[in-house]
Student: 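I have a structure here, written as structure tokens, and I will follow up with some questions on it.
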Amino acid sequence: MDELLSEGLSLMVFGMGFVIVFLTLLVIATSAMSRIVMRFEPAPVPKAAAKAKTMSSNPADDAQLIAVMTAAIHKFRNDRKGQ
Amino acid sequence: MDELLSEGLSLMVFGMGFVIVFLTLLVIATSAMSRIVMRFEPAPVPKAAAKAKTMSSNPADDAQLIAVMTAAIHKFRNDRKGQ
Amino acid sequence: MDELLSEGLSLMVFGMGFVIVFLTLLVIATSAMSRIVMRFEPAPVPKAAAKAKTMSSNPADDAQLIAVMTAAIHKFRNDRKGQ
Amino acid sequence: MEKLLSIWFASGMYNITFGQFFMIIVGLVLLYLAINKKFEPLLLVPIGFGGILANIPEAGMAFSAVENALHFARPEVVRDLAATLGATSFDPDQLKHIYYDSNASTHAAASLVAQDAGYSNGMLYNFYTIAVASGAAPLLIFMGVGAMTDFGPLLANPRTLFLGAAAQFGIFATVLGAVGLTSLGWMNFSIKEAAAIGIIGGADGPTAIYVSTMLAPHLLGAIAVSAYAYMALVPMVQPPIMRALTTQRERKIVMSQLRHVSKREKIFFPIVLMLLVAMLLPDAAPLLGMFCFGNLMRECGVVDRLSDTAQNALINIVTIFLGLSVGSKLSADKFLDLQTLGILVLGIVAFAVGTAAGVLMAKLMNQMMGGNAINPLIGSAGVSAVPMAARVSNKLGLEANSQNFLLMHAMGPNVAGVIGSAVAAGVMIKFVG
Amino acid sequence: MEKLLSIWFASGMYNITFGQFFMIIVGLVLLYLAINKKFEPLLLVPIGFGGILANIPEAGMAFSAVENALHFARPEVVRDLAATLGATSFDPDQLKHIYYDSNASTHAAASLVAQDAGYSNGMLYNFYTIAVASGAAPLLIFMGVGAMTDFGPLLANPRTLFLGAAAQFGIFATVLGAVGLTSLGWMNFSIKEAAAIGIIGGADGPTAIYVSTMLAPHLLGAIAVSAYAYMALVPMVQPPIMRALTTQRERKIVMSQLRHVSKREKIFFPIVLMLLVAMLLPDAAPLLGMFCFGNLMRECGVVDRLSDTAQNALINIVTIFLGLSVGSKLSADKFLDLQTLGILVLGIVAFAVGTAAGVLMAKLMNQMMGGNAINPLIGSAGVSAVPMAARVSNKLGLEANSQNFLLMHAMGPNVAGVIGSAVAAGVMIKFVG
Amino acid sequence: MEKLLSIWFASGMYNITFGQFFMIIVGLVLLYLAINKKFEPLLLVPIGFGGILANIPEAGMAFSAVENALHFARPEVVRDLAATLGATSFDPDQLKHIYYDSNASTHAAASLVAQDAGYSNGMLYNFYTIAVASGAAPLLIFMGVGAMTDFGPLLANPRTLFLGAAAQFGIFATVLGAVGLTSLGWMNFSIKEAAAIGIIGGADGPTAIYVSTMLAPHLLGAIAVSAYAYMALVPMVQPPIMRALTTQRERKIVMSQLRHVSKREKIFFPIVLMLLVAMLLPDAAPLLGMFCFGNLMRECGVVDRLSDTAQNALINIVTIFLGLSVGSKLSADKFLDLQTLGILVLGIVAFAVGTAAGVLMAKLMNQMMGGNAINPLIGSAGVSAVPMAARVSNKLGLEANSQNFLLMHAMGPNVAGVIGSAVAAGVMIKFVG
Ligand code: NA
Ligand code: NA
Ligand code: NA
């Protein structure tokens, strides 16, 4: 029983310690990587964001588009009726 | 041979009997389930149907929509030409 | 070693020979098949091509369509503003 | 020169047997029916093509490593296999039959011996083992079918379940027919084989495949082919029977519109069905369990992405493997047999009897409900063959009265027929399995 | 008459045990939670339904051929199995336990004996063996999750990885709790079982399933169910703890907007992570390897069709099989146990401790950075439960200050938590596996 | 402290060998080529990542249970394995080689021993066994490729099949090269290995993988990598050869527009091809059978949902597994070898010779048809590398004459090259398999 408890304790200490060490190293590695990447590619690319916007398949946008188109068609029909 | 025939006969009688008994019980169980469900949820929901209609992706509707839109674009182009 | 070389040589001669024979037979079989098929179905079907055109999901076409529609909607809005 | 000869001796042209030639023709005919006549193409295209592949001489695509080893019959390999099989004969054909009859341990041992000798399972054999022999493919297809099935019409009018029950008479009548032919000495079917043949009358592909995998795997090819072929023939087989058994007045009966069925009822139905199966017939649990699971995914509304996958990518993938695997059972030595002819004849009888029983049950119910409630034409839809049989009912209804749309009314017995034949399958597995 | 009786004696109603009845209720409750309460329905619908299927009496869908043979216990089969297992007893229950404890060779031999006697593996057992016992399904799901994960927020602020580390304290505290309960004599968990239970605190389904498959497969059902159930309960479990540990002022902290993260950084991140795993903890390589692979497919931009498939068709297919397989472990004899109760209690403790540890770490980091840089509410997201926990952080932030959108800030620790618990899983497999 | 040391002794950093380090670099280079240079990314991303995973020290993801057991080499396990393998040595390395050389029965027995000792197959090893060693993955990819292939241009001008034949000269010349190098004592390739290397010249990934799985599985990694890498290099390798062998006048030849090809011809073509294979070369039946099946699904028009799945979900899933599996063969002990260098050199020779042979054959055909019918530039497309090689032909045509669109004309030899190399594969499996 005691042995089990000590096994549990050491698993906790070493396990938690390892998790922290690992993620600390990951923080360091990631930060270093980001810094290197940014050095070679300094300016952020606002183009990508812009492009994403125009190609947006955002449902809200689509709904608006459909609404506008429906209205356009409606107007067109009324125009035609009036002719 | 005779034994085979009697096996076949009894399979028929018991099998068909079982199918009927099972589906009869299913009729009873289903009817009871429906009655209970409907008691807790009395009014049918016409909303769902309505919603389904507006979001319809019925090909016939689409064809009509495309036709209307094509006409709309056509008119728009002619308008433009006229300008 | 020598045996290996002769194995390689014979694999080359027979292999390449077989490939040529096989594909020659395929040319003959295919040509015969096409001739038979065309005899039973003489006129080419321009309908299919036409149909394909109208249903085209060609990105270029789509882009044009979107451009036209955007313009149509734009005009519609301006019309409305003017009212 | 030696090499040239060896290529000729190994070629298909040199080795083809009449049986293989004939079965390749059968495969081409299946492709023709599937492509030109639209006979259940989703299954018959893979089955037909699989049948051709299975009969390519010397390729052994449909054979196990052991069968391939016995086909090429190198003496030392044959000797080793004979020892493993505990046989005194060294005749490859005899050894093949001993292998078929031997148990799982011997199979495993013989397979290792054949692999040691450099032979391997054909690809179609692998597909068959993994997809079909394990029972997985028909169950996964049933799950997908469940995810595609709308029980609304059935829930709106649950009494149509009786029609789905009645039409299963075709199954059991065919079993009796098969044992009758055997008693007369015209055929030679065991009770297991008779049961597997009967299930053709269930007009439901995966059920038929599942049952024959369990009861008579050697008949799988013939049973699957006739099940799918006759399902495609439903628009030709059913109408004359339906017209003969109904009056013009009956065919003109317009049924009252179906009530609205709530989402909640649709969610509860597969659970109720599942529990009933659990309580009454555990042998039908795999089939109906997967079916109900698929339907619950469809209706519960919270796992739409799983339901979509079950109805599309997954069922399509499984269909490809199932079709090729079934096709692999169209190898000449297993298909060309008097039994196959018997199966084809009994299969059409099963469909006809089931159709008649469904229509007669519908007439009876109509009488009991006053004579104007149920159009007997929807009875034939109880055989299942979803949704073909329901469309046939609708078409004959329109013929009699151009305003008489029976489609939704026929969908009730149509899906009931799926449940009915799965129950019948469970009973048969229980009694003769 | 005999047949009628035999069908009754084989029916579920006649054979159902109290345990099976109870577990079917459990399955129905899981379905209710999944469908009505939207508790992680993608997993809990298949798990719940699989649980029902596994407990259908006599169907044996969750059992191996050997278990099925021992259930039906034909004397000659029992005798053969006893011989194979090297047992002197002929009691089926005892033989079952000997079978469970025996090694791979004996398993293979016993399985052949059972198949020779005509028994076969249940379908759910097959699914479990192929999908889960092999470890494939959780890894493939992890690949799909990787393909769905955007590491942008984490890369914009890598220090949030510390929050993902801290929240793993819940895992190890629970391990200690489990061995503590055992020391007190209240429970009886081995260190392997304690480790498998602890991983519930990782709040990450596939990781929990992978670890418990490795360390304590007999607890898989209970562990998976409590992992997914508590993940669904995150919006109820976390807020009180978060409120208790933070001041109103802290909750109002508005974090500065995240910097733009370039595509190239996102491509490099999974590679860097993979190499770090390779260098430090090979035991986490399968889990994090597949995760990084999925993420690389997502970000590299040249294999979009593979990434789409990993995120859709493939993950959905695997989810169906994984869910049914986990459900198969809800069979009465394996689930109804005091241990299950202990697992449920310890699981909720794990979530609570992890949440608290994350929040406290965030407070600490905030202090160290001047007191206004990090809103401690994002600490709780470190337990993972993606994206639920991040949403909870966001919701509490908005409560305190209606302009305080924490969602993107919380996504950093949220995905860090996935990495953290996979690392913890690797450590535990290394130390006690 | 002991635990800390144990984690260090088990870490990748402590255990990494130079070979593993080097192969991880190779994996990173493959990822770089795939992502930055767009070298066949669909395959090279999974292969590269799989290669990294396979070389993570101590993780054993690419190893079988037996290899893992021998790696950790606990004395009692080594003793048991030696007994099973019938070896007198207890040296793990020697035992590993005895294991590699032993037959299927011994493999199965050794695997059970290793599992009894608690070792299991690595995940990549499992993927390799199921997807690649069985032959299934390349065949399924070939089915998908068939479903993506339009034989219209080939049917419009069937003589382009000759170009697809001629370009296969690269395959056989390379075989001769490989045995020549061996005769000179510079390399050491068996005839099987030479044949597997030659197939790189087929410029067709799944064919190369299928053949090398059959003839030289230990070379699979190197062969697959060079096949895909050189396919990606086609735009660099081919143009100089094409320019050197053609005159400016020849490159300017404008070919007459292709005739319309009817749907029916397209349906018949895969059937005709299949029957020809069946009659002449059964050994090519698996490859070309699946290819024709895929193409028939595409063209027949009645199974579009199966064709869509074969072209998308299924081929993508299989590609992921195939790529990772091939990557698993990039483990240091199998890849780092003089042979690999030889393969890389011979592979590029194969492409170059095939290109030249195709162009020369096109020149010959052009002469025979009057000198103005065939632009020799389309000959190089006969190596396959679909559709890259056809695009190269088109590009060089446009260079010579800006109105000379050769793309559709080059698609004929391009798909003919696929058939040609599958036939060549069949011949080699027949003769040396
Ligand atoms: Na039916
Ligand atoms: Na976590
Ligand atoms: Na080629």
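Residue numbering restarts at 1 for every chain, and letters A, B, ... go by the order of the sequence lines. Just the heavy atoms: all of them, side chains too, but no hydrogens, waters or symmetry mates, feed the values below. Only a predicted model underlies this, so the values are computations on that prediction, with no experimental measurement involved.
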Student: For C:T24, which atoms come within 4.5 Å of any heavy atom of chain F: side chain, backbone, both, or neither?
Tutor: both
Student: Give, as side chain, backbone, both or neither, the part of F:A166 having an atom under 4.5 angstrom from any heavy atom of chain C.
Tutor: backbone
Student: Under the side chain to side chain contact (heavy atoms under 4.5 Å, CB included) test, which residues partner F:P153, sequence neighbours left out?
Tutor: F:D150, F:L258, F:M408, F:M411
Student: Looking only at non-hydrogen atoms, find the nearest pair between C:L5 and F:S183 and report the distance.
Tutor: CD1-OG, 3.5 Å
Student: For F:A424, is it the side chain, the backbone, both, or neither that has a heavy atom closer than 4.5 Å to a heavy atom of chain C?
Tutor: both
Student: For F:E265 and C:S34, work out which heavy atoms get closest and say how close.
Tutor: OE1-OG, 2.6 Å
Student: For F:V277, is it the side chain, the backbone, both or neither that has a heavy atom under 4.5 Å from a heavy atom of chain C?
Tutor: both
Student: Where do C:A29 and F:V272 come nearest, in terms of heavy atoms and distance?
Tutor: CB-CG1, 3.7 Å
Student: Restricting to non-hydrogen atoms, name the atom on C:L11 and the atom on F:V175 that form the minimum distance, rounded to 0.1 Å.
Tutor: CD2-CG1, 3.8 Å
Student: Restricting to non-hydrogen atoms, name the atom on C:T30 and the atom on F:P158 that form the minimum distance, rounded to 0.1 Å.
Tutor: CG2-CB, 4.3 Å
Student: Set out, in order, the CA-CA distance, both residues' side-chain angles and the distance that settles side-chain contact (heavy atoms from CB on, under 4.5 Å) for C:L26 and F:F162, then state yes or no.
Tutor: CA-CA 10 Å; C:L26 186 57; F:F162 290 122; over 6 Å; no
Student: Could you list which of residues 413-421 of chain F have a heavy atom closer than 4.5 Å to any heavy atom of chain C, in residue-number order?
Tutor: F:I419, F:G420
Student: Could you grab the distance from atom CD of F:Q168 to atom CZ of C:F22, nearest 0.5 Å is fine?
Tutor: 12.0 Å
Student: Not counting sequence neighbours, which residues clear side chain to side chain contact (heavy atoms under 4.5 Å, CB included) with F:F268? List them please.
Tutor: C:M33, C:V37, F:R264
Student: Could you check which of F:L154, F:V261, F:L273 has the highest count of heavy-atom pairs closer than 4.5 Å to chain C?
Tutor: F:L273
Student: Rounded to the nearest 0.5 Å, what separates atom OG in C:S10 from atom CD1 in F:I191?
Tutor: 7.5 Å
Student: Based on non-hydrogen pairs under 4.5 Å, which of F:L155, F:L276, F:I171 is most in contact with chain C?
Tutor: F:L276
Student: Under a 4.5 Å heavy-atom cut-off, does chain C meet the side chain of F:T160, its backbone, both or neither?
Tutor: neither
Student: Taking heavy atoms only and a threshold strictly under 4.5 Å, list by residue number the residues of residues 280-293 of chain F that touch chain C; give 'none' if the list is empty.
Tutor: F:L280, F:L281
Student: Can you see which heavy atom on C:M12 is nearest to which on F:F172, and at what distance?
Tutor: CG-CB, 3.7 Å
Student: Where do C:M38 and F:H260 land on the side-chain contact (heavy atoms from CB on, under 4.5 Å) test, with the steps shown first?
Tutor: CA-CA 11 Å; C:M38 281 192 283; F:H260 169 80; over 6 Å; no
